[in-house]
Amino acid sequence: MKYSDERREAILKKLLPPHNRTVAEVAQEEGISVARAMVISGVREEVGRVAYPVD
(Lines give C-alpha, C1' and ligand atoms only; values in the text may rest on other atoms or scores of the structure.)
Protein backbone atom coordinates (compact mmCIF):
# COMPACT_ATOMS: atom_id res chain seq x y z
CA MET A 1 0.00 0.00 0.00
CA LYS A 2 1.31 3.45 -0.90
CA TYR A 3 1.00 6.17 1.72
CA SER A 4 0.81 9.83 0.83
CA ASP A 5 3.77 12.05 1.66
CA GLU A 6 1.54 13.92 4.09
CA ARG A 7 0.63 10.77 6.03
CA ARG A 8 4.26 9.63 6.11
CA GLU A 9 5.31 13.03 7.41
CA ALA A 10 2.60 12.97 10.10
CA ILE A 11 3.79 9.55 11.26
CA LEU A 12 7.42 10.73 11.37
CA LYS A 13 6.48 13.80 13.42
CA LYS A 14 4.99 11.52 16.08
CA LEU A 15 8.20 9.51 16.27
CA LEU A 16 10.63 12.42 16.48
CA PRO A 17 11.23 14.97 19.26
CA PRO A 18 9.46 16.49 21.04
CA HIS A 19 6.91 13.63 20.93
CA ASN A 20 9.36 10.67 20.86
CA ARG A 21 6.60 8.06 20.69
CA THR A 22 7.51 4.44 20.09
CA VAL A 23 7.06 2.83 16.70
CA ALA A 24 4.60 0.36 18.25
CA GLU A 25 2.45 3.14 19.75
CA VAL A 26 2.26 5.08 16.51
CA ALA A 27 1.59 1.94 14.46
CA GLN A 28 -1.32 0.99 16.69
CA GLU A 29 -2.75 4.51 16.62
CA GLU A 30 -2.44 4.74 12.82
CA GLY A 31 -3.80 1.25 12.22
CA ILE A 32 -0.66 0.04 10.44
CA SER A 33 1.77 -2.76 11.18
CA VAL A 34 4.89 -2.14 13.23
CA ALA A 35 6.96 -3.28 10.23
CA ARG A 36 5.31 -0.65 8.00
CA ALA A 37 5.88 2.05 10.62
CA MET A 38 9.53 1.01 10.81
CA VAL A 39 9.88 1.32 7.04
CA ILE A 40 8.27 4.76 7.08
CA SER A 41 10.51 5.91 9.94
CA GLY A 42 13.72 4.53 8.49
CA VAL A 43 14.37 2.42 11.58
CA ARG A 44 14.44 -0.71 9.48
CA GLU A 45 17.27 0.69 7.36
CA GLU A 46 19.28 1.56 10.48
CA VAL A 47 18.80 -1.95 11.88
CA GLY A 48 19.97 -3.40 8.56
CA ARG A 49 23.11 -1.26 8.56
CA VAL A 50 24.00 -2.38 12.08
CA ALA A 51 23.23 -6.03 11.42
CA TYR A 52 24.89 -6.12 7.98
CA PRO A 53 27.61 -3.46 7.89
CA VAL A 54 29.29 -2.77 4.58
CA ASP A 55 33.04 -2.37 4.90
Side-chain angles (χ1 to χ4, degrees):
M1 174 183 257
K2 179 81 172 159
Y3 295 100
S4 69
D5 291 339
E6 293 81 15
R7 183 159 187 214
R8 293 171 70 93
E9 188 174 319
I11 291 169
L12 279 174
K13 283 183 180 180
K14 293 176 184 181
L15 296 169
L16 299 173
H19 306 289
N20 290 329
R21 310 245 331 264
T22 67
V23 172
E25 288 174 339
V26 174
Q28 184 175 15
E29 181 180 301
E30 293 290 327
I32 60 176
S33 70
V34 172
R36 174 57 58 193
M38 289 176 74
V39 168
I40 289 171
S41 70
V43 170
R44 198 169 196 167
E45 292 174 13
E46 287 297 319
V47 170
R49 277 192 279 255
V50 172
Y52 306 102
V54 177
D55 293 331

Novice: Got a second to check how far K2's NZ is from R7's CZ, nearest 0.5 Å?
Specialist: 13.0 Å

Novice: Taking 4.0 angstrom as the limit, do E30 and K14 come out as a salt bridge?
Specialist: yes

Novice: Take I40 and V26 through the test side-chain contact (heavy atoms from CB on, under 4.5 Å) and record every step on the way to the result.
Specialist: CA-CA 11 Å; I40 289 171; V26 174; over 6 Å; no

Novice: For residues 15-23, dump all side-chain donor-acceptor pairs below 3.5 Å to protein atoms at least two apart in sequence or in another chain.
Specialist:
unit_1 : atom_1 : unit_2 : atom_2 : d
R21    : NH1    : E29    : OE1    : 3.2
R21    : NH2    : E29    : OE1    : 2.8
T22    : OG1    : E25    : N      : 3.0

Novice: Closest approach of Y3 and R36, non-hydrogen atoms and distance?
Specialist: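 For Y3 versus R36, the nearest heavy atoms are CE1-CD, 3.4 Å.
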
